[in-house]
Amino acid sequence: QVQLVESGGGMVQSGGSLRLECAASKIIFGIATMGWYRQVPGKQRELVAGISSSGKLNYEDSVKGRFTISRDNAKNTVYLQMNSLKPEDTAVYYCNARIGGTNKREYWGQGTQVTVSS
């Protein structure tokens, strides 16, 4: 059974930092593109940052230079280091794993709340 377990969310003042962590099942981590998405009420879920199994990175424009996604393959864990946080970063952040090829699959964590106060 594949599980994605997020942690690290919380409340922080504008300009502060948080590090999100997503522990994924070993059976899928090595072949999956991992990503962090976020969602606020009334809006659709959007990609914040992604990292492929080969290490290719992509970021949503508003977080470039502030957020860093990384993965530790030995720990089957993906991280999102968030610096210089802004109130507009407030959202529920979700960990995502996506497997392509002939057996396409996608998995989601339960989400972790990030609240940035001004």
Original post:
Listed by chain and number, what are the salt bridge (charged side-chain N to carboxylate O under 4.0 Å, His left out) partners of Lys64, not counting sequence neighbours?
Top reply: Asp61

**OP:** Only counting residues at least two apart or in another chain, list the ones meeting salt bridge (charged side-chain N to carboxylate O under 4.0 Å, His left out) with Glu106.
**Re:** Arg98

Original post:
Can you list the residues that meet the side chain to side chain donor-acceptor pair (under 3.5 Å) rule with Gln110, with sequence neighbours excluded?
Top reply: none

Original post:
For Thr90 and Glu88, what are the C-alpha separation, side-chain angles and deciding distance, and is it a side-chain hydrogen bond (donor to acceptor under 3.5 Å, both in side chains)?
Top reply: CA-CA 5 Å; Thr90 296; Glu88 51 263 46; over 6 Å; no

**OP:** Tell me, please, which residues at least two apart from Phe67 pass ring pair (Phe, Tyr, Trp, His ring centres under 6.0 Å).
**Re:** none

Original post:
Using a side-chain heavy atom cutoff under 4.5 Å and only I, L, V, M, F, W and Y, what cluster partners does Tyr94 have?
Top reply: Tyr37, Leu47, Val92, Trp108

**OP:** Please list, chain by chain and in numerical order, all residues satisfying salt bridge (charged side-chain N to carboxylate O under 4.0 Å, His left out) with Arg66, sequence neighbours excluded.
**Re:** Asp89

**OP:** Compare every heavy atom of Pro87 with every heavy atom of Ser118, then report the nearest pair and how far apart it is.
**Re:** CB-CG, 3.8 Å

Subject >> Separation between CH2 of Trp36 and OH of Tyr59, rounded to the nearest 0.5 Å >> reply: 13.0 Å

Subject >> Pairs where residues 40-54 contributes a residue and the test side-chain hydrogen bond (donor to acceptor under 3.5 Å, both in side chains) is met, not counting sequence neighbours >> reply: Arg38-Glu46, Gln39-Arg45, Ser52-Ser54

Residues 8-18 side chain polar contacts: donor-acceptor under 3.5 Å, at least two apart:
unit_1 : atom_1 : unit_2 : atom_2 : d
Ser17  : OG     : Asn83  : OD1    : 2.9

Original post:
Which pairs pass disulfide (SG to SG under 2.5 Å) with one or both residues in residues 52-118, sequence neighbours excluded?
Top reply: Cys22-Cys95

**OP:** Would you give the length of the straight line joining atom CG of Leu20 to atom OG of Ser7, rounded to the nearest 0.5 angstrom?
**Re:** 8.0 Å

**OP:** Please test Leu80 against Thr68 for side-chain contact (heavy atoms from CB on, under 4.5 Å), starting from the C-alpha separation and ending with a verdict.
**Re:** CA-CA 6 Å; Leu80 185 67; Thr68 302; over 6 Å; no

Original post:
Is there any disulfide (SG to SG under 2.5 Å) pair reaching into residues 25-60, and which pairs are they, with sequence neighbours excluded?
Top reply: none

**OP:** State, to 0.1 Å, how close Ile51 and Arg71 come at their nearest heavy-atom pair, and which atoms those are.
**Re:** O-NH1, 3.3 Å

Original post:
Ignoring hydrogens and geometry, is there a side-chain-to-backbone donor-acceptor pair from Thr112 to Glu6 under 3.5 Å?
Top reply: no

Original post:
Tell me, which pairs form a ring-ring contact (aromatic ring centres under 6.0 Å, His included) where one or both residues lie in residues 1-33, sequence neighbours left out?
Top reply: none

Original post:
Is there any salt bridge (charged side-chain N to carboxylate O under 4.0 Å, His left out) pair reaching into residues 11-22, and which pairs are they, with sequence neighbours excluded?
Top reply: none

